[in-house]
Each structure stands twice: as structure tokens, then as C-alpha cells.
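Worksheet: one structure, shown below.
In this text, all values refer to a predicted model and were calculated from it rather than measured experimentally. Values below: all heavy atoms of this structure, side chains included; hydrogens, waters and symmetry mates excluded. Chain A is the first sequence line, chain B the second, and so forth, proteins listed ahead of strands; every chain is numbered from 1.
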Amino acid sequence: MEYNFREIEPKWQRFWREQKTYRVENNSSKPHYYVLDMFPYPSGAGLHVGHPLGYIASDIYARYKRLRGFNVLHPMGYDAYGLPAEQYAIQTGQHPAITTEQNIKRYREQLDKIGFCFDWDREVRTCDPDYYKWTQWTFIQLYNHYYDEELQKARPISELVKKFENGDDRAPKWNTMSEAERQQLLMDYRLAYLADIPVNWCAELGTVLANDEVVGGLSVRGGYPVERKLMRQWSLRITAYAQRLVDGLEQVDWTDSLKEIQRNWIGRSEGAAVWFPLDSPTDCKSLMPDGNLEDCKGKENRSSVPAFEIFTTRPDTIFGVTFMVLCPEHELIEQITTPEKRDEVAAYVTWAKNRSERERQAEVKKVSGVFTGAYAINPLTEEKIPIWVSDYVLAGYGTGAIMAVPAHDSRDFAFARHFNLPIRQVVSLEKDVTSDPATWSESMDAKTGYAVNSGFITGMKVKEAMATVIDKIEEMGIGRRTINFRLRDAIFSRQRYWGEPFPIYYKDGNACPIPEECLPLLLPEISEYKPTATGEPPLGHAEKWAWDETNRKVVDKKLIDNKSVFPLELSTMPGFAGSSGYYLRYMDPRNNEAYFSKEAVGYWQNVDLYVGGAEHGTGHLIYARFWNKFLFDIGLAVKEEPFQKLINQGMIQGRSNFVYRSKSDNNLFISKGLIKNMDDVTPIHVDINIVDNDILDIDRFRLWRPEFADARFELEDGKYVCGWEIEKMSKSMFNVQNPDDLVERYGADTLRMYEMFLGPVEQAKPWDTNGIEGVFRFFKKFWRLYHDNSNNFCVSDEAPTKAELKVLHQTIKKVTDDIERFSFNTSVSTFMICANDLANLKCNKRAVLEPLAVLIAPFAPHIAEELWHLLGKSQSVCSADWPQYDEKNLVEDTFKYPVSFNGKMRFTIDLPANCTQDEAIAALKDMPEYQKWTEGKEPKKIIFVPKRIINIVC
RNA sequence: GCGGAUGUGGCGUAAUUGGUAGCCGCGCUAGACUUAGGAUCUAGUUCCUCACGGAGUGGGGGUUCGAGUCCCCCCAUCCGCACCA
């Protein structure tokens with residue numbers, strides 16, 4: 001018997017469980033460190049090898065930190081609410097809670113086999129009432145707060161009410177307003193608010209979706225078409241935090257690419273909002289703000305001039321405006337369109353509004369639009385400018401209206417060319433040099449060069465011109481410096497069952513939160529998981545779903561006629577509700593009095609290391625940052641950013657194998673190397689489990705599927721070689737690798753090490769089992785270091801030799817450095833080199849193996865624990881101290897043989913750090929090897945590099 | 001289109017961060033020990049060349065005594081956003 005992981009691994013897993021080795025306390029004299037994984041959604045398919053990649057990396061780091069003397073929080077839980085369980089419920093009638101419970105059980109079994117050091121006593125599940133109580137609680141806090149622009153933080157809505165009562169520009173008529181009107185107004189300020197907004201409606205899923213849940217007009221889950229629809233929905237005012245979300249990125253230790261993804265998503269752009277007066281008097285509701293616009297001389301009151309506001313990032317090009325464009329949804333269209341254009345415009349608007357998102361996105365390059373017949377006045381040039389309508393201007397961004405500068409914006413350029421509108425150059429790369437835009441093939445969009453043909457800014461550099469124009473319009477009182485964000489508020493309602501119920505009831509049409517003491521508001525049982533016949537969300541089926549205000553409890557809907565019983569909200573919260581604050585709950589997961597205690601958060605602060613996929617860059621990672629900033633504002637979280645360092649583990653793709661069936665003979669399969677022409681064969685996916693190192697197991701192939709029972713093969717060297725391709729890991733391509741199978745065959749330690757050995761954690765890589773044997777061999781070799789031929793444990797108490805010490809200390813240094821920089825693949829290589837070296841030295845000395853057991857424990861905890869106990873320890877290796885290396889043992893011989901290149905010699909010698917050139921040369925000349933190489937001749941030139949290198953030109 | 005990355009043997013990758021390119025592993029070749037081996041061990045394996053030699057980190061320039069690494073210009077692949085004014 002050799003290295004028997006089947007015996008070792010369950011033994012120590014049991015030991016850790018019984019000893020509660022991974023239990024973490026909230027107080028300790030040790031420094032704290034928080035390592036977190038993105039918790040999984042427990043899907044029915046179970047874990048595949050991609051999931052544990054990040055978990056293994058974080059587990060290694062957590063174990064390492066623990067060995068380095070930190071008190072490490074390393075929890076795990078489940079993001080248990082979500083669509084798939086509910087879709088399954090619709091099909092089968094099985095309650096999502098049951099499906100979820102089963103899936104969690106399976107996940108837990110799979111995770112346990114890999115030997116993670118999670119503190120399972122802290123497990124959280126988002127669907128657990130003790131957990132979602134605090135999700136609901138946070139929602140109520142969001143509802144009861146608004147964002148104070150002056151203080152740049154969330155404040156209680158009651159403070160805003162007080163301001164309004166004392167007179168405030170934002171609510172001049174507050175004291176005469178009705179209660180309903182007041183509530184309506186406050187909705188415009190609450191951080192969680194109810195509003196009619198255009199939403200992404202997915203008919204197939206029967207729910208609205210957030211922007212990050214829609215890609216290319218299709219739902220991320222399921223890939224169903226999504227349409228724009230105006231609906232009354234709950235939203236979170238995340239846009240209030242847009243600036244802080246951008247700023248906060250400076251403080252965190254994330255990759256540049258992920259920070260950039262978030263910056264793009266938030267989409268901050270600086271520019272100006274400018275009012276353009278309308279040329280013809282109309283019955284227009286939007287009016288020029290007060291100011292001293294000269295053009296309005298003669299009018300009694302400037303603010304009676306009809307006008308509309310646009311947003312531009314290029315105020316310097318205002319002299320180049322040749323037309324204006326409104327989005328089809330713009331309210332001004334109806335008011336300004338001239339009678340003769342009315343039909344044409346109405347037809348266009350109807351057409352544009354009815355286009356699906358998908359059509360619109362697919363036909364981005366198609367130019368469409370219509371002239372309204374109305375004109376605006378350029379406030380700086382007093383020119384008359386035609387106003388058009390086009391769907392290339394979006395309702396949701398800026399003011400839904402633009403000034404078009406075709407010479408310097410590619411979209412305006414395309415529009416102008418299509419409708420034959422004038423193009424006027426107002427920016428030039430060189431001062432005073434212009435050309436005829438009619439000859440241009442594209443617009444000149446770059447923000448560089450000088451203003452031309454531009455009145456008082458002519459000759460200025462673009463940047464200066466921008467500032468000057470903004471100053472001017474601010475002085476004229478017709479505009480101001482503005483910052484716009486692409487980020488939209490997060491739609492928070494889902495017309496779904498399997499999610500957190502909103503703690504909201506409707507009293508006379510007004511939303512009211514249920515009292516905090518009554519939380520959690522439990523998800524009711526329902527008979528059917530589909531929408532109701534009247535189109536209500538599934539919660540409409542719930543009988544007992546009304547709020548009794550007097551008795552403060554949920555009662556039957558039939559009692560709603562009663563004066564104190566009101567309907568409850570029928571939507572539920574989206575997936576990101578539960579996952580936005582879970583990392584805080586882990587700090588104090590069983591607290592029934594609070595989300596988490598002040599002591600707990602005061603001790604742990606925030607997550608030091610967060611590991612998870614980059615696909616959450618525009619979803620979870622934005623929402624969680626927002627959620628945390630809000631909790632920070634109201635004094636719960638103590639750090640503004642939740643995740644200090646973040647590592648994105650790369651996606652693991654599948655590596656599919658193919659057999660090639662001859663087109664002329666359906667039973668003939670040709671080995672890859674023998675195929676002359678790929679057109680003669682049909683590649684067929686073959687289960688990767690019957691292929692080893694691309695060699696097909698022919699017998700198992702014949703048994704795999706009945707139609708292959710009579711298969712014949714053209715073999716090369718007696719083997720059938722399969723083709724391969726990198727594809728997404730999926731059942732249909734027979735390339736899914738289940739970690740359980742590998743644990744069964746090679747053991748958890750081998751799986752862990754191999755997943756790390758595959759390459760850098762952050763890099764996307766295909767799963768490939770071809771190298772796992774090498775790691776497995778390492779473990780067998782490692783085991784043999786301290787076992788004799790009869791598998792008896794066998795160590796020596798002799799003092800290690802210099803060579804052995806060098807191997808050990810090199811390993812300690814390299815592994816320590818590698819872990820610190822999250823380079824786990826190189827650590828694995830280092831262990832292999834170490835084992836090879838020790839095997840060559842036949843070293844089985846206690847003094848070497850003991851530190852080695854600790855060193856390898858983060859990577860291969862089972863074999864480390866086994867060795868540790870074989871060495872006579874009774875405590876877990878997890879409570880050991882990380883070994884230190886001693887530079888003395890690393891010092892090379894002070895001289896390496898010189899290498900000649902192009903007539904030059906290079907000598908490598910060890911020098912003190914502050915060594916001068918003269919000292920270095922003197923030391924060099926003392927070396928016998930130097931004298932031998934230069935044969936006593938004086939070299940032409942000695943080049944000293946202040947490190948340890950000297951080049952000599954002979 | 002904009003933004004971010006990446007590019008090294010047959011394959012996964014490494015390179016003390018500007019210092020002998022190819023560590024470690026897979027695969028492959030030869031050999032040893034074995035009744036056998038999908039076990040173990042030894043040697044070899046970037047390419048061209050019998051060899052001597054030469055070429056070589058996507059391509060082209062540059063900085064440097066010295067470049068996979070730094071700078072500039074291309075090319076290719078991957079990812080994110082995409083009519084955001």
C-alpha cells in the first residue's frame with residue numbers, strides 16, 4: 001500500500017469537524033483577516049470543476065494567514081433565492097424551498113470532500129427568514145432615507161420633511177399640500193422608491209429585470225426577449241451614489257480591468273446643460289430659466305420664453321450646431337410640431353416607440369428621423385435651428401434632447417448626411433486651418449485642436465473653449481456645468497415568488513413599511529407559482545397576504561374591507577437584494593437583535609480578500625458597494641468600501657473531445673492524425689470521461705451509446721487519437737468535469753493542487769485533466785520520502801545537511817513569496833522541485849519534514865495533517881506556526897561562472913547593497929575565476945550595474 | 001466604434017521584475033527494474049542542422065553594455081460596454 005488518500009482524507013475531515021478546527025471567534029488578541037468567496041447559487045447541476053477554483057485559492061490564502069498568526073474569518077453560505085428553482089417549481093409543482101434544500105445538501109457534500117476550512121457555524125442562506133429579516137430591514141431603511149446632496153450622504157427622510165416644513169425651494173407649497181401629494185413628492189427623494197419607470201420586461205420569465213440582467217435585448221437567465229415597458233416599480237436610487245461609487249474605486253485593490261468595467265458602467269461624463277429657446281411661440285410647458293438672455297429683450301418676462309434643455313459634453317462646439325434632435329419619447333414633440341408635420345411625426349414616434357429593444361440595437365447603423373417643422377434659437381449665435389426627432393437620441397440619458405454638431409460627432413454626422421443637413425466645422429487640428437466638411441468621409445470627434453469659426457472662442461484650444469463657453473452660458477443664466485451618469489437606478493421589484501417579500505403594504509394607495517419589530521415578513525405559501533389570471537405576480541395567489549395594522553400581523557386577504565387591513569406588496573426582491581450585504585452578516589450570523597453587532601463589525605471591519613468571478617462586475621459588485629455605502633452612511637458599516645482586495649478567478653472552460661466519423665462509412669472512425677481531408681469526416685462530441693490524454697478508450701466508446709456498438713477504427717500506432725476544442729463547459733458537449741469524480745480517483749489534495757497548478761488564478765483557462773497525473777505522482781513521491789518500501793513510517797532525527805537545509809529554506813522562501821502574490825501555480829512547482837531534490841538527497845529528516853508539513857498544509861491539508869500526526873503532534877497542523885527561512889541557508893557560493901557574450905564577460909557576484917563601484921571592481925579582481933578568464937590582461941571597460949552584475953569588455 | 005487585457009516549445013506554463021529564455025508538469029523518445037503494468041527509476045526532449053554552427057518569446061522599429069520584460073507603430077485572439085450626446 002502506498003499513499004492512500006481514500007483513507008487519509010475522510011479521517012482528517014472528520015477530525016476537523018469533531019475538533020471544530022475551523023471555528024472562528026469574534027475576539028482575539030491576534031490581528032484579524034477576512035477572506036470571502038462569492039457564495040454560490042445552489043443549482044441542480046451541482047458543482048463543476050470551475051466552482052472550486054476560486055474556493056481553493058481563497059482556502060489556501062485563508063489557511064496561510066491563519067498559520068501566519070491571523071484570526072481568519074472564512075465563511076460560506078448560499079445565495080439561495082433565484083429563478084431556476086422557481087422555474088423548476090412551475091414545471092413540477094415542487095416547492096422551491098425543497099429543491100433549494102436538496103441542492104444545498106449536494107453542494108455541501110461536494111464542498112466537504114475538497115477539505116475547505118470554512119467555519120460552517122456561520123453559514124447563511126438568503127432564503128432563511130433569520131437572514132432575510134435583515135434584507136427587509138435594510139430595504140425599510142433605504143425607504144426611510146434620502147440622499148443629501150450637500151452632505152453627500154444618506155439622511156433620514158424626516159430631516160427632509162423638516163426642511164420642507166420650514167420652507168424649501170424643492171417644495172415651496174409643502175404646507176398646503178395634501179398628505180398624498182406629500183408622499184408623492186417624498187417618493188422622489190427616498191433611496192428606495194416607487195415610480196412609473198421604463199423597465200426591462202421579460203414576458204417569458206414574467207418579470208422585470210435590472211439592466212445588468214439584460215444583454216443585447218435578451219435576458220441573461222434563459223435568453224428570452226426583453227421589451228421596454230412603463231411600469232410602477234420599486235427602485236433603489238443607486239444613482240445618488242454614482243460619484244462615490246466612482247471615487248471609491250481609487251481606494252480598493254482591484255484589477256484595473258475590473259475598475260474600468262465599473263467606471264464604464266457608471267459612465268461619468270462632464271459637460272454642460274444648456275437651454276435652447278424655441279423660435280416660435282407655442283403652448284410649451286418648459287420655459288427658459290430666469291436670467292438675462294439678451295435675445296429675450298422685448299419679452300416682459302424672460303421665464304415665459306418657451307425653451308428646452310439639452311446635455312452636451314462638447315460645449316466648445318456650440319457654434320457648429322446645425323440641428324437639434326429630440327428622442328421620440330420627448331414630451332415637447334407634441335407641443336412644438338407644426339400642423340403640417342403632425343401626421344408624419346406622429347407616425348414616426350409610434351413606429352419608434354413600438355420597436356423592440358432588440359430591433360433597435362440590431363439596427364443601430366440605420367438612420368431614421370423626422371423634422372418637426374419647429375425651430376430653436378442657438379443662444380450664442382441667435383441662429384434658427386431646425387428641430388428633428390430621432391431614436392438615436394435616448395430618453396434615459398441626459399435630457400433626451402441634444403444639440404447636433406455633425407462635424408464633430410459621428411452619429412450627428414451620419415444623420416446629417418442621410419437627411420442632407422448642413423455640416424459646419426468648428427474645431428480644427430491646426431489653428432486657423434479649415435477644410436470643406438462636404439469632402440469629409442467621417443466626422444472629427446477627437447477632443448483636440450483649436451476652435452475655428454466660433455465667435456469669441458475662435459483660436460482657443462478645445463479645453464479652454466469648453467470652459468469659456470460654460471462660463472458664458474452660466475453668466476447668461478441659460479445653462480450650467482453638469483455631470484451625467486450612464487448608471488440607472490436599480491429596479492428592485494420582481495414579479496416572482498422565490499424571493500424576499502417587500503415589507504410594504506398599501507394604505508389608501510400609499511406605500512407603508514411594516515413596523516421593523518414585525519420583521520421578518522415571511523414568504524407565504526401559494527398554490528401555484530405562475531402569475532394569477534389577472535396578471536398579478538405569483539404572490540397574488542396567497543390567501544393570507546394582507547396586513548392588519550392594528551394587530552400588526554399578516555391576515556387573510558378577505559379582511560381587506562376592514563378599516564385596518566391593507567393589501568401587501570405582491571412583488572418580491574431581486575437576487576441581488578440578499579447578496580448585497582451577506583458579507584456583513586457572516587460577522588455575526590446568529591444575531592436576532594441586529595443585522596450584526598457593533599462589536600463584530602468593529603472587529604472585522606470589512607472583507608480583506610474577496611474572490612469571485614468578474615462576471616459580477618456590473619451587478620453584484622456595484623450593488624454590494626452601494627449597499628455598504630448606505631449602511632456606512634447610517635452608521636452600521638465601518639468602512640466605506642466592502643471589499644478591499646478582489647481577485648477574479650478566471651473562468652474554466654470545457655475541453656471537448658471529438659471522434660471523427662467517416663462520411664462514407666457510418667461505422668468507421670478515423671484517428672485524428674490519419675484524416676486527409678476534414679470534409680470527409682463528421683466530428684462528433686465524445687464524453688471526456690472515456691478519453692484519456694486524447695486517447696479514446698475504444699471498448700468504453702462502443703458501450704457508451706448503442707449506435708457505436710459496432711464501431712470500427714482506423715488507428716495510429718494502435719491508438720485512436722481524439723481531436724479537441726475549447727468550448728463552454730456544458731452537458732450537451734459531454735465536457736463537464738465533476739470534481740467528485742476526480743476526488744474519487746486522485747483525492748482532494750491532488751485536485752486542489754492540480755487546480756492551482758493549471759495556471760494563474762486570474763487567468764481564464766480550459767479544464768484539462770491531462771496533467772493531473774503529474775500532481776498525483778508528486779504526492780506519491782512526497783509520501784515515499786518518509787515511508788519505506790513496506791509503507792512503514794520512517795524518519796530520521798539526524799541534523800540536516802547544508803544541501804538539505806538549502807532545499808528546505810529555498811522552498812520556504814519561494815512558497816511564502818508566491819502565496820503573498822497569489823501565484824499559487826508556481827508554489828505547486830516549487831513543492832515538486834522540493835520533493836525531487838529531497839528524494840535525490842534521500843532526505844527523510846524530521847527537521848526538514850516538520851516545516852514542510854506546515855508549508856504544504858494550505859495546499860494539501862489532508863496529507864499535511866497526516867504527516868504532522870505521524871511526526872507525533874497531537875494538535876492540528878492548522879495551529880502550527882508558519883516556518884521562517886534563514887538567508888544564511890540560501891546564500892549561493894559567492895560566484896557564478898562567467899558567461900561570455902559578444903566578446904564580453906559577465907560575472908555575477910554577491911555584493912552588499914551599498915557597495916561602491918570601486919569596491920565591486922576590487923572584489924571582482926580578487927576572484928580566481930576572473931583572473932583565469934581575463935588571463936591577467938586589463939579589460940577595456942568594466943560596467944558596473946548597482947545590483948550584482950558586472951560586465952567586462954575585453 | 002470605445003475601453004481593458006493577452007500573445008513564450010507539441011500542450012499547460014516559468015523567468016530573481018531589465019541580467020544565461022524555456023523552471024515545473026503533461027506528452028514524447030531511449031533505457032533500467034519487473035511475471036506484468038496505466039507502478040517506479042535514469043537519461044533526453046525550443047527549432048533548423050549528421051555535425052560545426054545558427055535562429056528564436058506574434059511582426060516591425062527604438063532605448064540599453066544587455067529587452068520576453070521598458071517606449072512607439074502594426075497584427076491576432078479574448079473579455080467588457082455599445083446610438084450614453
**Q.** Atom pair distance, as rounded to whole Å: OH in Tyr3(A) and P in rU40(B)
**A.** 14 Å
Q | Mutual orientation of the aromatic rings belonging to Trp351(A) and Tyr348(A) [parallel < 30°, tilted 30-60°, perpendicular > 60°] | A | tilted
(Q) Rounded to whole Å, please give me the gap between CG in Asp818(A) and C1' in rU16(B). (A) 11 Å
(Q) With a 3.5 Å limit on both atom pairs, tell me what rC33(B) is paired to, counting Watson-Crick and G-U wobble, or say none. (A) none
Q. C1' atom, rC26(B) versus rC52(B): distance in rounded Å?
A. 34 Å
Q) Syn versus anti for rU17(B), judged by chi lying within 90° of 0? A) syn
Q. Within this structure, what is the NE2-to-P distance between His330(A) and rA85(B), rounded to whole angstrom?
A. 17 Å
Q) Rounded to whole angstrom units, what separation is found between the NE2 atom of His408(A) and the P atom of rC83(B)? A) 23 Å
Q) What's the CG-C1' distance between Asp409(A) and rC83(B), to the nearest Å? A) 9 Å
Q: Quote, to the nearest angstrom, the P distance that separates rC47(B) from rU34(B).
A: 34 Å
Q. Using purine N1 to pyrimidine N3 plus N6-O4 or O6-N4 for Watson-Crick, or N1-O2 and O6-N3 for G-U wobble, both under 3.5 Å, which nucleotide pairs with rG44(B)?
A. rC28(B)
Q) Above 12 or not: heavy atoms from other molecules or residues under 6.0 Å from CD of Glu270(A)? A) no
Q) Does rG7(B) pair with anything, Watson-Crick or G-U wobble, both distances under 3.5 Å, and if so, with which nucleotide? A) rC75(B)
Q) Backbone N or O of Pro760(A) within a donor-acceptor pair of the Lys765(A) side chain at under 3.5 Å? A) yes
Q | Distance, P atom - from rG68(B) to rU57(B), rounded to whole angstrom | A | 7 Å
Q) Does a nitrogen or oxygen in the side chain of Arg784(A) sit under 4.0 Å from OP1 or OP2 of rC41(B)? A) yes
Q. Are OP1 or OP2 of rG25(B) and a side-chain N or O of Asn836(A) less than 4.0 angstrom apart?
A. yes
Q. Are OP1 or OP2 of rA85(B) and a side-chain N or O of Ser269(A) less than 4.0 angstrom apart?
A. yes
Q. Where the side chain of Ile402(A) is defined as all heavy atoms beyond and including C-beta, which of rA85(B), rG25(B), rC26(B) is the nearest nucleotide?
A. rA85(B)
Q. Among the nucleotides rG25(B), rC26(B), rA85(B), which one has an atom lying closest to any side-chain atom of Tyr397(A)?
A. rA85(B)
Q: Scan Pro766(A) against the nucleic acid and name what it touches under 4.0 Å (heavy atoms): base, sugar-phosphate only, or nothing.
A: nothing
Q. If you measure from the C1' atom in rU16(B) to the same atom in rG12(B), how many Å do you get, rounded?
A. 22 Å
**Q.** Distance, rounded to the nearest Å, where Asp212(A) contributes CG and rA82(B) contributes P
**A.** 11 Å
Q. So does Arg486(A) get a side-chain nitrogen or oxygen closer than 4.0 Å to the phosphate oxygens (OP1/OP2) of rA82(B)?
A. yes
**Q.** Arg488(A) or Asp256(A), whichever maps to the more 5' nucleotide of RNA chain B
**A.** Asp256(A)
**Q.** Span that lies between the C1' atom of rA21(B) and that of rA55(B), in whole angstrom
**A.** 14 Å
Q: Measure from the side chain of Arg745(A), starting at C-beta and using heavy atoms only, and say which of rG38(B), rG25(B), rA85(B) lies closest.
A: rG38(B)
(Q) I want to check one thing: is the phosphate of rA14(B), taken as OP1 and OP2, less than 4.0 Å away from some side-chain N or O of Asn825(A)? (A) yes
Q. What does Leu758(A) touch in the nucleic acid at a heavy-atom separation under 4.0 angstrom: a base, only the sugar-phosphate, or nothing?
A. sugar-phosphate
(Q) Looking at Arg821(A), I'd like to know whether one of its side-chain N or O atoms comes within less than 4.0 Å of OP1 or OP2 on rU17(B). (A) no
Q: Determine, for Asp818(A) against Lys814(A), whether the closest basic-nitrogen to carboxylate-oxygen distance falls under 4.0 angstrom.
A: yes
Q) Is a side-chain N or O of Glu309(A) found less than 3.5 angstrom from the main chain of Val274(A), in a donor-acceptor match? A) no
**Q.** Leu258(A) backbone acceptor or donor facing Thr255(A) side chain under 3.5 Å
**A.** yes
Q | Interatomic distance at P, rA51(B) relative to rG4(B), whole Å | A | 48 Å
Q.
Among Phe778(A), Phe779(A), Phe776(A), exactly one meets ring pair (Phe, Tyr, Trp, His ring centres under 6.0 Å) together with Tyr746(A). Which residue is that?
A. Phe776(A)
Q. Does rG18(B) pair with anything, Watson-Crick or G-U wobble, both distances under 3.5 Å, and if so, with which nucleotide?
A. none
Q | Pairwise C1' distance for rG10(B) and rG27(B), with rounding to whole Å | A | 8 Å
Q) If pairing requires Watson-Crick or G-U wobble contacts with both distances under 3.5 Å, which nucleotide is the partner of rA39(B)? A) none
Q | Closest-nucleotide 5' rank along RNA chain B - winner of Gly759(A) and Ile833(A) | A | Gly759(A)
Q | Nucleotide opposite rC81(B) in a Watson-Crick or G-U pair, distances under 3.5 Å | A | rG1(B)
Q: Would you indicate, yes or no, if rU42(B) has its OP1 or OP2 atom less than 4.0 angstrom from a side-chain nitrogen or oxygen of Asn840(A)?
A: yes
Q) If only side-chain N and O atoms of Lys780(A) are considered, is one of them under 4.0 Å from the OP1 or OP2 phosphate oxygen of rU40(B)? A) yes
Q: To the nearest Å, give me how far apart CG (Asp412(A)) and C1' (rC83(B)) are.
A: 10 Å
Q. With a non-hydrogen cut-off below 4.0 angstrom, is Val393(A) in contact with a base, only sugar-phosphate, or nothing?
A. base
Q) If you check every side-chain atom of Thr313(A), which of rA85(B), rG25(B), rG80(B) has the closest atom? A) rA85(B)
Q | Separation of atom CE in Met651(A) from atom C1' in rU6(B), rounded to whole Å | A | 16 Å
Q) What is the pairing partner of rG56(B), taking Watson-Crick or G-U wobble pairs with both distances under 3.5 Å in any strand? A) none
Q) Should Arg821(A) and Asp817(A) count as an ion pair when the cut-off is N to O under 4.0 Å? A) no
Q.
Is rG9(B) syn or anti, taking syn as a glycosidic angle within 90° of 0?
A. syn
Q) Does Lys259(A) pair with Glu250(A) as a salt bridge, N-O distance under 4.0 Å? A) no
Q. Taking the C1' atom of each, how far is rC11(B) from rG61(B), in whole Å?
A. 32 Å
